[in-house]
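Notes follow once the structure below has been shown.
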Amino acid sequence: MTTSKRQRTSDDQAPGPSSNNAPDPRILARCQAAAQLSATDVKKLEVELARYLLFADKKNIPVKRADIVKHVLKEQPKLLPAVLEGSRRYLKQTFDFSVAEIDYNKTKYYLLKNNVQLPNLQILLRPEHAQRQLALLIVILSFIHMANNSLEETDLWDSLKILGVDRTEAHVEFGDAEKLLNEFVKQMYLEKQKVSTSKGQATLFKWGMRAYHEISMADVLQLVASIYDVDVEVWKKQFSSHEGALDVD
Amino acid sequence: MSTLGVEHHMFVQTLAARRIVSEREAQELICKCIDISGRSYSGTVDLQDHVTKINSQLSVLFLEVRKGTCENTGSKYYAFVNCQEDEISKLASNYSAQDFAYFRKMIEQIILSDEGCIHSTDSLTLCNNLGEQKKMSYANAKVLLRGWCNERWLIEDRSSNSFQLGPRAIIELGQYIQSAYGEHVTNCSLCMTVCVYGQRCEDCNTKFHNHCKQRLMSGNLDQVRCPHCKSEWS
């Protein structure tokens with residue numbers, strides 16, 4: 001007899017103690033198995049997690065802790081720290097990537113970070129059309145940064161229109177620009193926030209979690225300063241805001 | 001197991017991002033990586049040596065930098081391939097189930113054809129019947145085909161208005177083609193690897209790659225003979 005609320009059928013018979021307060025025997029069996037994972041099994045999981053992080057990173061898909069537990073660890077979250085350590089080793093040895101753990105909006109995310117700190121590497125790595133998309137992204141991020149990290153959607157499109165990127169027309173390089181912007185939001189480079197203002201509903205664009213992680217605000221400000229040919233410190237507010245940037249290490 | 005240096009990390013990262021590069025691009029890339037990393041190597045840079053080093057680390061992750069030859073041009077390519085098709089690798093794909101169905105149909109038609117290619121008009125009619133995945137518009141199919149040519153899965157031969165298997169398909173899917181289409185594919189009688197697009201000996205009908213025949217002929221001063229039936233080739 002158990003205190004389980006489910007109806008027990010013959011299929012539920014599983015090894016394990018049965019008493020009034022015993023846990024579901026199937027879960028118990030799994031925990032026992034988890035504790036007794038052989039070295040080969042652990043290695044297999046480490047490889048799978050490393051591959052999972054690699055493939056997700058390729059597509060700029062943010063990896064949540066829950067995804068890892070579901071797809072790789074098959075609902076055994078206790079294994080995560082040990083397996084992650086092994087995966088980290090493989091990714092560091094082979095690619096010199098490290099795995100960053102980021103808490104954002106009460107969710108844990110895992111992103112690959114490139115340890116190779118050399119100028120222009122990011123540009124070298126990406127295929128050409130992705131480089132151009134990256135250029136557009138940096139411009140958008142600079143607009144947002146100069147607006148103190150909160151830029152209204154209509155203002156953003158007005159600024160982009162000046163550069164020849166129109167919300168309604170197909171762009172020769174970027175195609176459907178609105179669709180591309182939504183892609184950036186999905187990849188967490190940009191964040192969209194709906195707010196109620198005195199004038200009604202408005203959509204604000206902010207830097208996304210991945211932008212904070214991969215792109216330095218200081219560099220963006222430097223870029224804007226070089227275009228205007230002034231000193232970075234001219235923009236006191238933005239310059240000092242770097243102190244309070246999202247701590248992602 | 002030797003550890004990898006900065007130049008190797010940069011190189012493998014770039015290959016993983018670009019997926020396939022020509023041998024010339026790969027040679028330029030490794031030299032650039034070595035330059036930027038500040039390491040000094042005496043003598044010429046041995047690309048294959050560096051690739052072997054990188055592969056020794058990649059193999060445990062079921063990944064590989066694999067070399068292959070384009071059946072159309074004879075140029076060599078290096079591709080970053082995934083050696084294990086599983087749930088995890090399927091995540092990485094940018095293509096939908098319908099796109100896959102069309103791609104599979106395309107390569108099947110090319111493999112099963114006599115000439116190892118499919119005419120452009122035939123390639124479009126293929127999307128009218130994708131089994132479970134129903135139909136696809138011609139406009140959609142054209143966008144996909146262009147993308148696949150850019151990624152070198154396919155090659156568009158403008159002169160004959162047809163599509164052939166590109167170097168990426170040959171390198172990544174070579175083993176799959178062998179196992180799935182065994183009886184229908186012949187090997188090149190010169191290099192003994194899968195030959196989808198090539199020529200046949202007029203006398204004994206054995207198949208061989210254009211570039212394999214070219215290499216044989218350019219090396220010999222005497223008359224070149226078919227390795228199978230020994231008849232003379234012009």
Side-chain angles (χ1 to χ4, degrees), chain A residues 40 42-64 67-68 70-74 86-98 112-131 134 175-176 183 186-187, chain B residues 1-21 25 28-39 51 53-65 80-95 143 146-147 150-152:
Chain A
T40 341
V42 173
K43 183 179 174 187
K44 189 158 173 282
L45 288 176
E46 290 171 352
V47 167
E48 274 180 29
L49 179 56
R51 281 164 59 86
Y52 185 79
L53 291 169
L54 264 175
F55 290 128
D57 177 74
K58 253 338 211 21
K59 288 189 74 182
N60 281 336
I61 300 173
V63 176
K64 299 188 208 143
D67 294 332
I68 295 180
K70 181 174 168 197
H71 292 124
V72 182
L73 300 178
K74 311 289 183 223
S87 306
R88 280 191 153 120
R89 227 181 323 115
Y90 285 126
L91 291 170
K92 180 140 178 42
Q93 267 168 209
T94 315
F95 297 94
D96 208 7
F97 285 145
S98 57
L112 290 189
K113 201 170 174 166
N114 199 337
N115 291 336
V116 181
Q117 293 293 341
L118 288 168
N120 299 325
L121 180 64
Q122 284 305 317
I123 302 170
L124 188 77
L125 291 184
R126 291 167 196 256
E128 292 223 5
H129 73 272
Q131 289 177 23
L134 187 69
D176 185 343
E183 261 304 302
K186 207 163 85 175
Q187 294 171 6
Chain B
M1 217 190 301
S2 58
T3 45
L4 300 184
V6 175
E7 67 277 24
H8 298 118
H9 289 138
M10 286 177 62
F11 185 73
V12 69
Q13 281 187 26
T14 311
L15 276 197
R18 300 226 199 136
R19 299 312 293 257
I20 183 164
V21 295
E25 283 172 326
E28 283 171 6
L29 187 62
I30 188 70
C31 289
K32 202 185 252 176
C33 292
I34 291 173
D35 267 338
I36 299 178
S37 73
R39 294 267 283 239
V51 167
K53 257 203 188 103
I54 288 168
N55 278 334
S56 68
Q57 298 283 358
L58 281 176
S59 59
V60 71
L61 296 175
F62 300 109
L63 300 168
E64 187 187 345
V65 175
F80 184 89
V81 302
N82 169 33
C83 305
Q84 182 170 272
E85 254 330 296
D86 53 19
E87 285 311 307
I88 287 170
S89 60
K90 292 204 177 104
L91 278 179
S93 179
N94 286 322
Y95 297 108
V143 171
R146 209 178 324 130
N150 281 340
E151 294 176 357
R152 303 204 198 266

Given 3.5 Å as the limit, does a donor-acceptor pair link the side chain of H9(B) with the main chain of Q93(A), or not? yes
Applying ring-ring contact (aromatic ring centres under 6.0 Å, His included) to F80(B) and not counting sequence neighbours gives none
Can you say whether F62(B) sits under 4.5 Å from chain A via the side chain, the backbone, both, or neither, judging by heavy atoms? both
Chain B contact via A50(A) - which portion, at a heavy-atom distance below 4.5 Å: side chain
Looking at H8(B), E7(B), K32(B), which one forms a side chain to side chain contact (heavy atoms under 4.5 Å, CB included) with S37(B)? E7(B)
Considering only heavy atoms, which portion of E48(A) lies under 4.5 Å from any heavy atom of chain B: side chain, backbone, both, or neither? both
Heavy-atom pairs under 4.5 Å with chain B are the metric here; pick the option from V72(A), D57(A), V47(A) that has the most. V47(A)
Between N55(B) and E64(B), is there a donor-acceptor pair closer than 3.5 Å when you use the side chain of the first and the backbone of the second? no
Using non-hydrogen atoms and a 4.5 Å limit, figure out which bit of K92(A) sits close to chain B: side chain, backbone, both or neither. backbone
With sequence neighbours left out, write down each residue that passes salt bridge (Lys or Arg N to Asp or Glu O under 4.0 Å) with E25(B), or none if nothing qualifies. none
